[in-house]
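All figures in this text were calculated on a predicted structure; none of them were measured in a lab.
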Amino acid sequence: ARSGGAFKRACQLKLGSACRQLGLMFAEGKGVEKNLSAAADLFETGCGHQDGLSCSFLGESIGRGLGRSVDMTAALTAYDRACNLDEPQGCTQLAHAHRTGAVGKRDPRQAAALYQKACTRAHNQGCAFLATMKWFGDGIAQDRDEAVRLLTAACERGFVPACRQRNAFKASGLSSP
């Protein structure tokens, strides 16, 4: 595929987003033969070239064993790098690890801070998870009104699960109208 060649050249010139795009082509088998190992390698290269989304995809590849052996420590390192590069998906994935204890010890405060960072960058899943933590007071101060506000914002951006969750929370009668 001609576009694959262009992405390859741009990746060689250290354009991280081009490495990511080529990696996605290999991951999905679009224009090239599907090769998850090559995809993971390209995500790693893109991450090394400061592309946060490449780091997120690398974390997913490593965490799910897609073209790499499963290694949660390495996956979390990739998500941390993504988050530090202001990629909200990486922040959300890292937050999950802190919320569930996949990092070794459950740390809901750190999870909430990471979800907040993702939410601030309009990552709807991060907002929804933070809203759930706030609704139930899951290791952080309970704030049901703020939970509804977070879900409303994600809903207004078209994230249907947030709309459903907000409606269920509001129907419970435990928040302000």
> Would you say the side-chain atoms of Thr152 and Glu156 include a donor-acceptor pair closer than 3.5 Å?
Replying inline: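 Short answer, no.
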> Going through the distances and angles, do Arg166 and Arg149 end up as a side chain to side chain contact (heavy atoms under 4.5 Å, CB included)?
Replying inline: CA-CA 9 Å; Arg166 177 203 57 197; Arg149 280 191 292 277; over 6 Å; no
Minimum heavy-atom separation for [X] to [Y], with atom names?
X: Gln142; Y: Trp135; value: NE2-O, 2.8 Å
X: Ala82; Y: Ser56; value: CB-OG, 3.5 Å
X: Ala131; Y: Ala147; value: O-CB, 3.2 Å
X: Cys47; Y: Ser54; value: N-CB, 3.4 Å
X: Ala118; Y: Thr92; value: CB-OG1, 3.2 Å
X: Cys127; Y: Ala154; value: CB-CB, 4.3 Å

Would you mind reporting whether [Y] and [X] have side-chain heavy atoms less than 4.5 Å apart?
X: Arg68; Y: Asp41; value: yes
X: Ser17; Y: Arg20; value: yes
X: Met133; Y: Pro108; value: yes
X: His123; Y: Cys91; value: no
X: Asp138; Y: Arg99; value: yes

> Do Val148 and Leu150 sit in the same hydrophobic cluster, where Ile, Leu, Val, Met, Phe, Trp and Tyr count as joined when their side-chain heavy atoms come under 4.5 Å apart?
Replying inline: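 No, because Val148 and Leu150 fall into different hydrophobic clusters, even though each may have its own neighbours under 4.5 Å.
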>> If hydrophobic clusters are built from ILVMFWY residues whose side chains come within less than 4.5 Å, do Leu42 and Met25 share one?
In response: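 Both belong to a single hydrophobic cluster.
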Side-chain donor or acceptor of [X] paired with backbone N/O of [Y] under 3.5 Å:
X: Thr132; Y: Ala128; value: yes
X: Arg9; Y: Gly5; value: yes
X: Arg121; Y: Lys117; value: yes

If you link ILVMFWY side chains whenever their heavy atoms are less than 4.5 Å apart, which other residues fall into the same cluster as [X]? By chain and number, please.
X: Leu13; result: none
X: Leu58; result: Leu24, Phe43, Leu53, Phe57, Ile62
X: Leu85; result: none

> Taking only residues two or more places apart in sequence or in another chain, which ones pass ring pair (Phe, Tyr, Trp, His ring centres under 6.0 Å) with His96?
Replying inline: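 Per chain and number, His96 pairs via ring pair (Phe, Tyr, Trp, His ring centres under 6.0 Å) with Tyr115, Phe129.
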>> side chain to side chain contact (heavy atoms under 4.5 Å, CB included) for Cys55 and Glu87? Distances and angles first, verdict last.
In response: CA-CA 9 Å; Cys55 298; Glu87 171 47 47; over 6 Å; no
> Counting only heavy atoms not in Arg109, do more than 12 sit closer than 6.0 Å to its CZ atom?
Replying inline: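 Open.
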>> Using side-chain hydrogen bond (donor to acceptor under 3.5 Å, both in side chains), reason through Thr120 and Gln116 one step at a time and then give a plain yes or no.
In response: CA-CA 6 Å; Thr120 300; Gln116 181 65 56; 3.3 Å; yes
> Of all residues at least two apart in sequence or in a different chain, which pass the side-chain hydrogen bond (donor to acceptor under 3.5 Å, both in side chains) check with Glu60?
Replying inline: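 Only Arg64 meet the side-chain hydrogen bond (donor to acceptor under 3.5 Å, both in side chains) criterion with Glu60.
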> Is it true that Lys134 and Asp145 have a side-chain N and a carboxylate O under 4.0 angstrom from each other?
Replying inline: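 Salt bridge between Lys134 and Asp145, a charged N being under 4.0 Å from a carboxylate O: no.
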> Does any pair with a residue in residues 71-80 pass salt bridge (Lys or Arg N to Asp or Glu O under 4.0 Å), and if so which ones, sequence neighbours excluded?
Replying inline: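 The answer is none; no pair qualifies.
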